[in-house]
A.B. asks: 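This is the structure I want to talk about, given as structure tokens.
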Amino acid sequence: MPNISRRTFGLMMGAGASTLAMPYYARAQGKPRAVVIGGGAGGATAARYMAKDAGEDLDVTLIEANPQYITCFFSNLYLGGYRSLASITHGYDKLASNYGITVVNAFADTVDREAREVVMADGARVPYDRLIVAPGIDLIYDSVPGYSEEAAGIMPHAWKAGPQTKLLKSRLDAIENGQQVVMVAPPNPYRCPPGPYERVSMMAHLFKEKGYDDCKIVIIDPKPKFSKQGLFTEGWEKYYPGMIEWYGPDVHGGIASVDPQTGEVETDLDTFKGDLVNVIPAQKAGMIAASAGLANDSGFCPIDPASMRSQIDENIFVIGDASIAGDMPKSGFSANSQAKVAAMAIRGELTGSKVFPAKYSNTCWSLIETNDGVKVGAQYAPAADKIASTSSFISQTGEDDALRQATYEESVGWYKGITTDIFGA
């Protein structure tokens, strides 16, 4: 039996009924139903904003398989020793108790779009008038020859926060001086564009703190360039000289295979052996997006840039990493911003409340070394065929120490603020 909030349990029908036959909750008298699949930065935000702003006029249900959410953003700081795992772990209790959201900790298998019902893994069905799908990403393991879900137990990806993050941390802490880490970076598009390179910075920071001057980190990248490249390169040369080597496709010529048993990454240039190999494969929208028929040939979900409504089903909205969001990167900040637009659109349709023109924003902070933070971000607005950038900013090379420290402190304040915005105060 899945874990269900007390509010949900109270609405269950027929104590002796089969779990497969009964819904998770009965429709409240006369209330429209909004359901959210996925309790991450996008999904939990959308649920909270719909419940908060609609009050008693809307039934809101959040379906999330995991009872706790570990943020991908700031997980690199856990790897680098700046944060504890507990500090980036959040629960859903406040969403249920403070906002009246029905929280269902169970796995959503697919969507019966004709019936407007979410089909759960145990066969139960959750009806909706409007649905938000926020499943994040799934990994395309075989996009890297030789890699697989099983191989991830040896060559962790840690691109979904949780057990993989803890595994990578334990493997990283076990590295000894003189050993080598090899990262296989992901191709575009992928979650958190600066993330792999902040991760490398945190690895190098950890080695530097231990006095491991002979450790090496090699990045094998399928991309010819990467986010904040000038800023990261400057920082690596300043803090970790000779420790980090980056190879783009023009140099390595392509990734032929990885071998989890030997720790080898074979390229046209050379075979790189790592005592720890971190493979981050290509990505696509979370599995339910495909099973519901919401994704196109890209593996991601096309949306209306003015509302985040699916271009495939007018009763469904897709937000966060699973969506094709034009100029917006796949990030926690982006998902949070998109969630508010979708929540407002649904609230307007189901309760008659006023809907304002969509506005989106994003900032991605990265820590290179203690108190040396950098950022990139933009403002966005819906255009005819995509969400388009209207203005942007990025940290500059050569900034003074005080500014970099202020940028890092800004990121810490942002993390506290956004997690409160997502999960409630």
Side-chain angles (χ1 to χ4, degrees), residues 32-47 49-50 58 60-65 107-121 125-140 188-191 282-331 334-350 355 357-358 360 380-388:
R33 301 159 297 193
V35 176
V36 181
I37 300 173
T45 300
Y49 270 76
M50 286 190 294
L58 189 63
V60 180
T61 297
L62 175 64
I63 301 171
E64 167 54 50
F107 187 78
D109 190 52
T110 191
V111 179
D112 183 338
R113 288 166 37 200
E114 185 174 353
R116 293 194 201 175
E117 293 175 334
V118 178
V119 183
M120 306 301 292
R125 288 173 172 254
V126 180
Y128 64 85
D129 294 298
R130 294 292 184 274
L131 174 66
I132 292 180
V133 177
I137 52 102
D138 270 349
L139 301 171
I140 307 173
N188 292 321
Y190 64 96
R191 165 182 282 173
Q283 292 149 44
K284 61 182 178 180
M287 180 170 45
I288 198 167
S291 69
L294 300 172
N296 63 18
D297 290 344
S298 73
F300 294 96
C301 304
I303 51 89
D304 170 17
S307 64
M308 303 302 298
R309 188 191 308 273
S310 167
Q311 291 186 10
I312 293 169
D313 189 318
E314 65 179 6
N315 297 308
I316 298 177
F317 295 69
V318 184
I319 60 176
D321 295 344
S323 68
I324 300 173
D327 293 341
M328 294 191 79
K330 299 182 185 302
S331 74
S334 290
N336 173 263
S337 179
Q338 295 160 12
K340 295 170 185 176
V341 169
M344 179 175 59
I346 290 174
R347 195 177 72 250
E349 291 177 8
L350 297 184
V355 176
Y360 304 95
Y380 307 86
D385 59 348
K386 69 173 184 177
I387 299 174

A.B. asks: Taking the six-membered ring of F300, is the NZ or CZ of K330 close enough (under 6.0 Å from the centre) and on axis enough (within 45°)?
C.D. replies: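 Yes, K330 and F300 form such a contact.
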A.B. asks: Would you indicate whether the side-chain heavy atoms of V133 and P135 approach each other to under 4.5 Å?
C.D. replies: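 A side-chain contact under 4.5 Å exists here.
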A.B. asks: Is any side-chain heavy atom of I316 closer than 4.5 Å to a side-chain heavy atom of L294?
C.D. replies: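 I316 reaches L294 side chain to side chain.
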A.B. asks: Which residues pass the side-chain hydrogen bond (donor to acceptor under 3.5 Å, both in side chains) test with D109, not counting sequence neighbours?
C.D. replies: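 Expected list: none.
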A.B. asks: So do the side chains of P329 and S334 get within less than 4.5 Å of each other, counting heavy atoms only?
C.D. replies: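 Sidechains of S334 and P329: in contact.
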A.B. asks: Quick check: closest heavy atoms across D385 and P305, and the distance to 0.1 Å?
C.D. replies: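 Here D385 and P305 meet closest at C-CG, 4.3 Å.
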A.B. asks: Which value, rounded to the nearest 0.5 Å, describes the distance between M328 atom CE and Q338 atom CD?
C.D. replies: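 These two atoms lie 4.5 Å from each other.
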A.B. asks: So do V36 and I63 actually touch side chain to side chain, heavy atoms under 4.5 Å?
C.D. replies: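 Answer no - side chains too far apart.
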A.B. asks: Can D313 and R113 be counted as an ion pair, charged N to O under 4.0 angstrom?
C.D. replies: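 So D313 pairs with R113 through a salt bridge.
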A.B. asks: In terms of side-chain heavy atoms, does D304 have a donor or acceptor partner in S307 at a distance below 3.5 Å?
C.D. replies: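 Distance-only check passes for D304 and S307.
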A.B. asks: To the closest 0.5 Å, what do you measure between CD1 (I37) and OH (Y128)?
C.D. replies: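 One gets 8.0 Å once the value is rounded to the nearest 0.5 Å.
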A.B. asks: Could I get the full list of side-chain hydrogen bond (donor to acceptor under 3.5 Å, both in side chains) partners for K340, not counting sequence neighbours?
C.D. replies: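 Expected list: N336, D421.
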A.B. asks: Which pair of heavy atoms, one from I288 and one from A108, lies closest together, and at what distance?
C.D. replies: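 Nearest heavy atoms, I288 then A108: CD1-O, 3.6 Å.
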A.B. asks: Is any side-chain heavy atom of R116 closer than 4.5 Å to a side-chain heavy atom of P127?
C.D. replies: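 In short, these two side chains do not touch, never coming nearer than 4.5 Å.
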A.B. asks: Drop me the distance from K284's NZ to D138's CG, to the nearest 0.5 angstrom.
C.D. replies: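 Between K284 NZ and D138 CG, I get 6.0 Å after rounding to 0.5 Å.
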A.B. asks: Kindly indicate whether the side chain of F317, heavy atoms from C-beta on, has any atom under 4.5 Å from the side chain of I303.
C.D. replies: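 Not touching, per the 4.5 Å side-chain cut-off.
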A.B. asks: With rounding to the nearest 0.5 angstrom, report the CE to CD1 distance, M308 to I387.
C.D. replies: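 Between M308 CE and I387 CD1, I get 5.0 Å after rounding to 0.5 Å.
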A.B. asks: So, does S323 use its side chain to make a donor-acceptor pair with the main chain of C301 at under 3.5 Å?
C.D. replies: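 Not at all, since once roles are kept as given, no pair shorter than 3.5 Å links the two residues.
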A.B. asks: Check this for me: does any side-chain nitrogen of one of E349 and R130 sit under 4.0 Å from a carboxylate oxygen of the other?
C.D. replies: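 Here E349 pairs with R130 in a salt bridge, since their nearest N and O are under 4.0 Å apart.
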A.B. asks: If I compare all heavy atoms of P32 with all of L58, which pair ends up nearest, and what's the gap?
C.D. replies: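 Residues P32 and L58, closest heavy atoms: O-CD1, 3.5 Å.
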A.B. asks: I need the I346 CD1 to M50 CE distance, nearest 0.5 Å.
C.D. replies: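 Between I346 CD1 and M50 CE, I get 5.0 Å after rounding to 0.5 Å.
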A.B. asks: Does T61 reach the side chain of R33, with side-chain heavy atoms less than 4.5 Å apart?
C.D. replies: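 Side-chain contact under 4.5 Å: no.
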A.B. asks: Verify side chain to side chain contact (heavy atoms under 4.5 Å, CB included) between V111 and L131, making sure each step is shown before the conclusion.
C.D. replies: CA-CA 10 Å; V111 179; L131 174 66; 3.8 Å; yes
A.B. asks: Side-chain contact, heavy-atom cut-off 4.5 Å: M120 with V126?
C.D. replies: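 Side chain of M120 against side chain of V126, heavy atoms only: contact under 4.5 Å found.
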A.B. asks: Check A306 against V341 and note the closest heavy-atom contact, atom names and distance.
C.D. replies: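 Closest heavy-atom pair between A306 and V341: O-CG1, 3.8 Å.
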A.B. asks: How long is the gap from CD1 on I324 to OG on S298, to the nearest 0.5 Å?
C.D. replies: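 Answer rounded to 0.5 Å: 3.5 Å.
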A.B. asks: Please name the pair of heavy atoms, one in L62 and one in G43, separated by the smallest distance, quoted to 0.1 Å.
C.D. replies: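 Between these two residues, the closest heavy atoms are CD1-O, 4.1 Å.
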A.B. asks: Using salt bridge (charged side-chain N to carboxylate O under 4.0 Å, His left out) as the criterion, list what pairs up with D112, not counting sequence neighbours.
C.D. replies: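 Partners of D112 by the salt bridge (charged side-chain N to carboxylate O under 4.0 Å, His left out) criterion, ordered by chain and then number, come out as R125.
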A.B. asks: Between P382 and Y360, which heavy-atom pair has the shortest distance, and what is it?
C.D. replies: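 Residues P382 and Y360, closest heavy atoms: CD-CE1, 4.2 Å.
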A.B. asks: Decide yes or no on side chain to side chain contact (heavy atoms under 4.5 Å, CB included) for M287 and F107, but give the supporting numbers first.
C.D. replies: CA-CA 11 Å; M287 180 170 45; F107 187 78; 3.6 Å; yes
